[in-house]
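We count ligands from 1, going down the list as the structure has it; atoms in each ligand are counted the same way. When a residue number appears, it is its place in the shown sequence, counting from 1. Note that the structure is predicted; figures quoted are calculated from it, not measured.
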Amino acid sequence: MTALACGFDFDHTLGVDNGLERQALYAYARELGRPLDPQDVAWRFRLDAMLADFRADATTMDEMIRRFAEALELRAARAQRWREICYALVDALVRPVDDAREVLATLRARGIPAAILTNGWTPLQQKKIARALGDDGLALRVLVSDVLHAVKPARAAFDALVAALGVPRECAWYVGDNARGDVGGALAAGLRAVWFDWEGQSYPQDLPPPSLRIGSLRELERLIENSVAP
Ligand SMILES: [Mg+2]
């Protein structure tokens, strides 16, 4: 049997959270007596910019919430409270991507090591993964950028994934929807990159092409079955 292991991105690959962190900012603004109109594009843009800096590890959560309070012309807001609101929204907003659980069950049945490498903050990503994948997610190693101190596409993130999967890196596949962070990062680190092309994003011209392209997780299941067949 071919040695094979499979790493996955989480958001928009195995699960979706319907903009949970942004929705938590709207909910917190309401709670603080400064409700924002979700239809107001300028506000949405500002909130997304704050979240993007936080996700890229360019600011801390405390700093993001300080900027949020400043934008709302409040003296202070608490990161701890925003965190709690995020947790409270997980059940309502997080869903698996079609066939995510089935693919993970197939990997487990075939003894193929699998892990998740995701950008974000650990407790929220873990709660989202548990909600989306249930028992099928429990057996997975979960590597999150805040603990790794490495944000995809950084090579160090993929090195940590390869170590967790315990196979030679050329045997490691990485499946993700984001061309630059997932495919570009995995290829640069010497992994096989599977681009999950299901949301109509265009593939950047300046990136090397993915090793494989799938339009559904069922397709991934077939590719894996073919790769490990005797
Ligand atoms: Mg993603």
(Q) Does Glu73 have more than 12 heavy atoms from other residues, nucleotides or ligands lying within 6.0 Å of its CD? (A) no

Q | the Mg ion (ligand 1) - number of protein N/O/S atoms closer than 2.8 Å | A | 3

(Q) Under the side chain to side chain contact (heavy atoms under 4.5 Å, CB included) test against Leu217, which residue among Leu14, Leu104, Thr106 passes? (A) Leu14

Q: Test side chain to side chain contact (heavy atoms under 4.5 Å, CB included) on Lys152 and Asp9 and set out the steps.
A: CA-CA 10 Å; Lys152 292 180 290 181; Asp9 166 49; 2.9 Å; yes

Q.
Measuring only between side-chain heavy atoms, which start at C-beta, is Tyr203 closer than 4.5 Å to Asp197?
A. no

Q | Option among Tyr28, Trp121, Tyr26 that satisfies the ring-ring contact (aromatic ring centres under 6.0 Å, His included) test with Trp82 | A | Trp121

Q: Please name all residues satisfying ring-ring contact (aromatic ring centres under 6.0 Å, His included) with Phe10, sequence neighbours left out, ordered by chain then number.
A: none

